[in-house]
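The block underneath contains the structure these notes are about, expressed in structure tokens.
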Amino acid sequence: MYKLHEIFYKNYGYQNPQFPKKKVLDRADHIICISKSTANDLKKFYNVDNNKISTIYLGTKKNLINNIKSPMDYPYILYVGNRHKYKNFENFLKALSAAPKILNNFKIVLFGGKNLTNFEYSLFKLYKIDPEKFLFYEGDNNLLNSFYQNARLLIYPSKYEGFGLPILEGFANNCPVICSDIPVFKEIADQAVEYFDPNDHLSMANTLSKVLFSDLIRKDLIKRGENRLKFFSWMKCAEETNQVYRKII
């Protein structure tokens with residue numbers, strides 16, 4: 001469960017942290033969290049008894065299709081999902097502005113999260129970035145998987161997440177992943193990604209360049225991601241969820 005109103009309350013116009021879930025949590029017989037990081041936040045903000053919480057990871061499966069055609073004729077970086085507030089899209093733009101070689105060689109595919117806004121176009125102007133380098137797409141999982149499988153890398157710059165499913169989706173599609181060095185991503189990805197400081201656009205730019213321009217690093221990340229994926233499956237998720245229900249019924 002996300003705690004955005006508690007952690008980023010100022011971004012939502014509140015003067016103090018908001019605790020809208022307290023009544024629901026108090027009434028619940030048991031609470032399933034999708035990561036230990038989320039469980040820790042739950043205990044921190046709501047003082048929930050540890051015995052009332054179970055951590056059950058989400059899963060995914062390999063989605064590789066042999067010789068799948070790239071949706072684009074140009075090499076690209078993949079960004080999946082929303083881009084607002086804690087998603088840290090502006091720092092991603094700052095990173096690109098600090099490393100012009102990247103945009104000289106790659107386009108940016110934005111998949112999902114609605115089309116570009118006027119505010120985002122103002123950021124392109126502020127950071128002197130050509131908006132035509134950014135391409136917005138939305139569609140089904142087949143299209144998304146084709147983008148994963150042909151991307152130079154997936155970037156996930158969020159400052160907070162409850163889990164980080166696109167990381168596993170990247171692993172499942174042999175897509176190298178770089179992401180923020182926040183606790184939940186370290187919990188999920190371990191050593192299978194390259195990390196950067198989400199608050200430091202130069203750190204992000206350096207990690208982007210390091211992976212984009214090294215086939216050796218990308219191949220190593222693909223192998224690490226494939227191995228890490230073995231720890232996450234929907235069958236395991238279902239079995240552990242069933243055990244929780246049996247325990248409280």
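Computed from heavy atoms alone, side chains included, the values below leave out hydrogens, waters and symmetry copies.
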- Item | Qualifying residues under side-chain hydrogen bond (donor to acceptor under 3.5 Å, both in side chains), relative to S146, sequence neighbours excluded | none

- Note on the structure: side-chain hydrogen bond (donor to acceptor under 3.5 Å, both in side chains) filter on S158, not counting sequence neighbours, yields E161

- Item | Residue list, salt bridge (Lys or Arg N to Asp or Glu O under 4.0 Å) with E120, at least two apart or on another chain | R83

Would you be so kind as to tabulate the donor-acceptor pairs closer than 3.5 Å made by side chains of residues 239-249, with sequence neighbours excluded?
residue	atom	partner	partner atom	Å
E240	OE2	K236	NZ	2.9
T241	OG1	C237	O	2.7

- Message: Going by side-chain hydrogen bond (donor to acceptor under 3.5 Å, both in side chains), name the residues that satisfy it together with N50, two or more places apart in sequence or in a different chain.
- Response: K43

- Who passes side-chain hydrogen bond (donor to acceptor under 3.5 Å, both in side chains) against D29, sequence neighbours left out? none

- Quick one: which residue pairs count as a salt bridge (Lys or Arg N to Asp or Glu O under 4.0 Å) with a foot in residues 193-221, not counting sequence neighbours? R152-D215, E194-K210, D215-R218, D220-R224

- Message: Filter on ring-ring contact (aromatic ring centres under 6.0 Å, His included), then keep only pairs touching residues 177-221, sequence neighbours left out; what's left?
- Response: F106-F213, Y156-F185

- Query: Is there any side chain to side chain donor-acceptor pair (under 3.5 Å) pair reaching into residues 102-112, and which pairs are they, with sequence neighbours excluded?
  - Reply: none

Under 3.5 Å, side-chain donor or acceptor atoms of residues 166-177 against the rest of the protein: list the pairs with distances, not counting sequence neighbours.
residue	atom	partner	partner atom	Å
E169	OE1	Y148	OH	2.7
N173	OD1	Q149	NE2	2.7
N173	ND2	N145	OD1	3.3
N173	ND2	E169	O	2.8
N174	OD1	K62	NZ	2.9

- With sequence neighbours excluded, give me every ring-ring contact (aromatic ring centres under 6.0 Å, His included) pair touching residues 126-146. F124-F134, Y137-F147

- Message: Strictly by ring-ring contact (aromatic ring centres under 6.0 Å, His included), give each pair with a member in residues 217-242 just once, sequence neighbours left out.
- Response: Y57-F232

